Amino acid sequence: MRHLLSIEDLDRAAIERICDRAASFSEVAEREIKKVPALRGRTVLNLFYEASTRTRSSFELAAKRLSADVVNFAVSGSSVEKGESLKDTVLTLGAHRPDAIVIRTPWAGAAALVTHWTDAAIVNAGDGKHEHPTQALLDVHTLRRRLGGIDGADIWIVGDVLHSRVARSNILAFQTMGAKVTVCGPPTLIPRGIEALGCDVRYDLGELSQADVVYALRMQHERMDQAWVPSLREYAALFQVNGRRLHPRQVLMHPGPVNRGVELSGEVVDSPQALIAQQVEAGVVVRMAVLYEVLAGARAGGPTDDAGPPRDRASHPAGVA
Ligand code: ASP
């Protein structure tokens, strides 16, 4: 795998390979010294044009646990504030010769565009409302661990589907892994024609009890240019996942950040049914697996491998230390 731009680029075998590798990296987190030399001498550049808590910190930790050098570039305080374009920023930072660029922007398609301006492997950490492939991978990993597998699971994605890159990536990933996906929210927040992705659509929570997994989404105000629901109070009355609506056999997921009292009630966030902390934990090992895949996996044997770690070390990620 040269880049990770979209979940559409991955078939079931590739998703399973990444999740299996992530599982093998879990052991590193248990060690006293949480590091393996798999990407020693490689440079990972985190280029974030949008706010991030979980994604940026877990990519940084993932790269460091693989012994890569990490440069964190935040737009605030950079020359972007002086008007430097994405292209010029990438070309400038390219002079540092990064091996991988992890990029988050508010613009759909930006991660793919950047591949034309650098030789580095590009990992899409969220491009506008288009895709967030590593979120989908960590969610698949979390569910595989919790449910043993996803085949046949009934997964409901509830909330602001229209503005959510997570929804798009997760619908594709969950279905590729054999799940049945239903999206649910007010008609204004469900994209027209989304059934074309293969999912069902519901405009109320009446049949939520049929779900095995309830995946709640945040209201993405930063991508709204108008009021899409009459009020948050009314939205919460109709679509909030709370103790009354969540059945004890169901598991609850959310990509974060959670707006307590809006899409989720505090009681369900804090309940043992919530896998939110496990999702964050999975974020580190899954991103280790993705960085490993783009920097060591795909290139092993390729022309750029000369600059990489010894091939036998690179092919045994968990056993390298
Ligand atoms: N953290 C996720 C994202 O970056 C979800 C969210 O922001 O609501 O898309």
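As the structure lists them, so they are numbered: ligands from 1, and atoms in each ligand from 1. The figures that follow rest on heavy atoms only: side chains count, while hydrogens, waters and symmetry mates do not. Fair warning: this is a prediction, and the values are worked out from it, not measured in the lab.
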Quiz item: Would V280 end up clustered with L275 when hydrophobic side chains under 4.5 Å apart are linked, directly or stepwise?
Solution: no
Quiz item: Under 3.5 Å, is there a donor-acceptor pair between the T142 and Q278 side chains?
Solution: no
Exercise. State, yes or no, whether a side-chain contact exists between T182 and K180 at a heavy-atom distance under 4.5 Å.
Key: yes
Self-check item: Pairwise salt bridge (charged side-chain N to carboxylate O under 4.0 Å, His left out) hits with a residue in residues 235-255, at least two apart
Solution: D212-R249
Give one line per pair: atom of ligand 1, protein atom, distance. Only N/O to N/O under 3.5 Å.
residue: ligand 1; atom: 1 (N); partner: G256; partner atom: O; Å: 2.9
residue: ligand 1; atom: 4 (O); partner: R104; partner atom: NH2; Å: 3.2
residue: ligand 1; atom: 4 (O); partner: R165; partner atom: NE; Å: 3.4
residue: ligand 1; atom: 4 (O); partner: R165; partner atom: NH2; Å: 2.8
residue: ligand 1; atom: 7 (O); partner: R218; partner atom: NH2; Å: 2.9
residue: ligand 1; atom: 8 (O); partner: R218; partner atom: NE; Å: 2.7
residue: ligand 1; atom: 8 (O); partner: R218; partner atom: NH2; Å: 3.3
residue: ligand 1; atom: 8 (O); partner: Q220; partner atom: NE2; Å: 3.3
residue: ligand 1; atom: 9 (O); partner: R165; partner atom: NE; Å: 2.8

Quiz item: So, for H130 and W107, is the gap between ring centers shorter than 6.0 Å?
Solution: no
Quiz item: Just checking, any donor-acceptor pair under 3.5 angstrom between side chains of Q279 and D139?
Solution: yes
